[in-house]
Amino acid sequence: MTDASKPQGSRPEARNPRGFIDRRARDLVAERQILAAVSAVYERYGFEPLDSPAFEYADALGKFLPDADRPNEGVFALQDDPDADGNGQWMALRYDLTAPLARFAAQNWETLPKPFRRYAFGPVWRNEKPGPGRYREFVQCDADTVGSARPEADAEIIAMAAEGLEAAGVPAGGAILKINNRKLLNGLMASAGVTDEGQKLAVLRAVDKLDRLGPDGVRLLLGEGRKDESGAFTKGAGLGGGAAERVLAFTAAGAGRGDTLGQLSNVIGGSVEGDEGLAELEAIDRALVSLGVGADRAVFDPSVVRGLEYYTGAVFEAELLLGTTDERGQPVRFGSVGGGGRYDDLIARFTGERVPATGFSFGVSRLAAALRAAGRDAAVELRGPVVIIAFDEARMADYFAVAGELRAAGVPAEVYLGSSGMRAQMKYADRRLSPAAVIIGGDEFAAGTATVKDLDLGRALSAGVTDNAAWRTDRPGQVTVPRAELVATIREILDAQALAPAP
RNA sequence: GCCGCCUUAGCUCAGUUGGUUAGAGCGCCAGAUUGUGGAUCUGGAGGUCCUCCGUUCAAUCCGGAGAGGCGGUACCA
């Protein structure tokens, strides 16, 4: 085996790049169903589809602009057409669908109908450390309204997101949209004397961890800092005790609708920006009520932060409440499957003109994985084609004719194209989860017949069979019919299987 | 980025206190069965023991460095 046919050490290892995965039929069918269902909902709301390139010039993507020192920080970037000095335009794979939308809207602003409503889906790439269920390439689906400052635009996005998740297969009560407004926390921090941008960020980060660390952990992070179990120390926001308690009181204002608004107005009190945020949430509440979205589907939750600078007003997050378990039966918290909010400054980066915008995006693969883990993907069932056994070299033309007839009748079919014997061919059909196999050998040709084997019937019967000889001679589910009745016979088998539970 | 654990067959893992030919289960291939899936039995293929350097008569095993994987943490557009 150490001969020339196997040069040692010179073979590439067949493996995926770190953080990238192959997705097979099962995953793809599930994702396609989700996208089809969600697209239909979004279009019903008047959103038009848009596709944009995988690459954008790096400056258009915004703050993750690669530079000479760290060209790959966060994004996958390359230099387009570099000259002799290595100078070229930096371009990068998009890391979300919102930045490309901002570029597109700015570029076509003069001719777009405004407000502009579009949805988009496709892969996005992030050059960062992968984690469990977290990859460097994944499919996102995003919907935005550009050019409307009305809180109703936010409410409609929220309502549409809720409806979209249900259409994708999340059962009623399986997810909740949590809504907050950046202006509330900004107002609160302003009245507490927090003006430093770095300190503001630290406060946001601390609040974001409320669900994981609890109020005590967040209190530490708002103050001096916190040391976790592994001994790593996270520097805190450096807030004084009074200010920290005010922030905590704010985040504790409950997750409801009208009652939460009342509590928030007590805690916020005073600042102009805070009052503005409160008024926006009240308007969103009214719109949600008229859109038929109750507190069972969307609530106000002051602990929702959603990322950093970018958002300027309302923010929302979709949390999955479905009970899910992993392969070992351990419960898994999927948590957030999507989020969004109002970003009024993103397009101004290009045009200098402030354009209000709001949107929501979710991870399609992640949602599919969550639905699978929750056992909600039963509708996705992969059946193989009808397999025509390649019995006789000289008769291949006849086999292809059978395949053609079946395909013309709308039945997925294929002629076995390997070189193995019949046993292996049957095994192949079984493994493909084929509904039926067609056997036309010398006997059938002589008699002008075809033998059709109902593989599901055999699958069902095989459980009770212990003797191989009997299993073979019984030939379960097998019928021989005149060649002319072949397609009709298979049709009957398929119709019968459609009524039976999946094998 | 930081911390910890791990790396032996396609997969899950044994094992060798450093010594001739490194094992199991599952999976795969074939036969028992000229033309039939599951089960069973029999046989077979499949390994640079992650890589490099060092120590040694001798390294899959000991030491060092590196790579890759997993988990936590930080970041998350």
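Keep in mind it's a predicted model, so treat the numbers as computed, not measured. Per chain, numbering begins at 1; letters A, B, ... match sequence-line order.
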Ignoring the backbone of A/Pro476, work out which of B/rA77, B/rG37, B/rG35 is nearest its side chain. B/rG37
If I pick the P atom on B/rU60 and the same atom on B/rA22, what distance separates them, to the nearest angstrom? 12 Å
In chain order, what residues pass the side chain to side chain contact (heavy atoms under 4.5 Å, CB included) check against A/Thr449, with sequence neighbours excluded? A/Glu444, A/Ala447, A/Thr480
With rounding to the closest Å, how many angstrom separate the P atoms on B/rU7 and B/rG15? 11 Å
So, using side chain to side chain donor-acceptor pair (under 3.5 Å) as the criterion, who are the partners of A/Arg126 when residues are at least two apart? none
Length of the line joining A/Asp456:CG and B/rG38:C1', which is rounded to integer Å: 14 Å
Gap between atoms CD and C1', on A/Glu393 and B/rG35 respectively (whole Å): 16 Å
Taking the same atom, C1', in B/rA14 and in B/rA9, what whole-Å distance lies between them? 13 Å
For a quick test of reading the model: is some side-chain N or O of A/Lys129 closer than 4.0 Å to OP1 or OP2 of B/rC3? no
Give the dot-bracket string for RNA chain B, reading 5' to 3', where a pair is Watson-Crick or G-U wobble with both distances under 3.5 Å, ( ) marks pairs inside the strand, [ ] marks pairs crossing earlier ones, | marks a partner on another strand, and . marks unpaired. (((((((..((((.....[...)))).(((((.......))))).....(((((..]....))))))))))))....
Sorted by chain and number, sequence neighbours left out, salt bridge (Lys or Arg N to Asp or Glu O under 4.0 Å) with A/Asp454 holds for none
Nearest-neighbour nucleotide for the A/Val75 side chain, B/rA77, B/rC75, B/rU36 considered: B/rA77
Identify the heavy atoms of A/Ser434 and A/Asp456 that sit nearest to each other, and give their distance. O-OD1, 4.4 Å
On a plain distance test, is the side chain of A/Gln425 in donor-acceptor contact with the base of B/rU36 below 3.5 Å? no
Among B/rU73, B/rA77, B/rU36, the one nearest A/Gln478 by side-chain distance: B/rU36
Report yes if at least one side-chain N or O of A/Arg18 is closer than 4.0 Å to OP1 or OP2 of B/rG68; otherwise report no. no
Can you pull out every salt bridge (charged side-chain N to carboxylate O under 4.0 Å, His left out) where at least one residue sits in residues 214-224 of chain A? Sequence neighbours excluded, please. A/Asp216-A/Arg219, A/Arg219-A/Glu245
Do the ring planes of A/Tyr119 and A/Tyr42 sit parallel (below 30°), tilted (30 to 60°) or perpendicular (above 60°)? perpendicular
Rounded to whole Å, how long is the line connecting atom CG of A/Asn127 with atom P of B/rG1? 10 Å
Return the set of residues passing salt bridge (Lys or Arg N to Asp or Glu O under 4.0 Å) with A/Asp27 (not counting sequence neighbours), or none when no residue passes. A/Arg372
Counting only side-chain heavy atoms from C-beta out, which of B/rG35, B/rA77, B/rG38 sits nearest to A/Asp430? B/rG38
I'd like to check the side chain to side chain contact (heavy atoms under 4.5 Å, CB included) partners of A/Leu220; sequence neighbours left out, ordered by chain and number. A/Arg226
The side chain of A/Met426 is closest to which nucleotide in this list: B/rG69, B/rC75, B/rU36? B/rU36
Between A/Arg342 and A/Asp344, is there a salt bridge with N-O shorter than 4.0 Å? yes
Polar-atom pairs under 3.5 Å, protein N or O versus N or O of nucleotides 27-33 of chain B: list them with distances, or write none.
unit_1	atom_1	unit_2	atom_2	d
B/rC28	OP1	A/Arg431	NH2	2.6
B/rU33	O2	A/Arg472	NE	3.0
B/rU33	O2	A/Arg472	NH1	2.1
B/rU33	O2	A/Arg472	NH2	2.1
B/rU33	N3	A/Asn468	OD1	3.2
B/rU33	O4	A/Asn468	OD1	3.2

I'd like to check the side chain to side chain donor-acceptor pair (under 3.5 Å) partners of A/Asp495; sequence neighbours left out, ordered by chain and number. none
Taking the P atom in each of B/rC50 and B/rG10, what is the distance between them to the nearest angstrom? 13 Å
Between B/rU34 and B/rG38, how many Å separate the two C1' atoms, rounded to a whole number? 22 Å
Provide the distance between the two C1' atoms, one in B/rC61 and one in B/rU55, to the nearest whole Å. 14 Å
When you measure from the side chain of A/Met422, which nucleotide among B/rG37, B/rU36, B/rG69 comes out closest? B/rU36
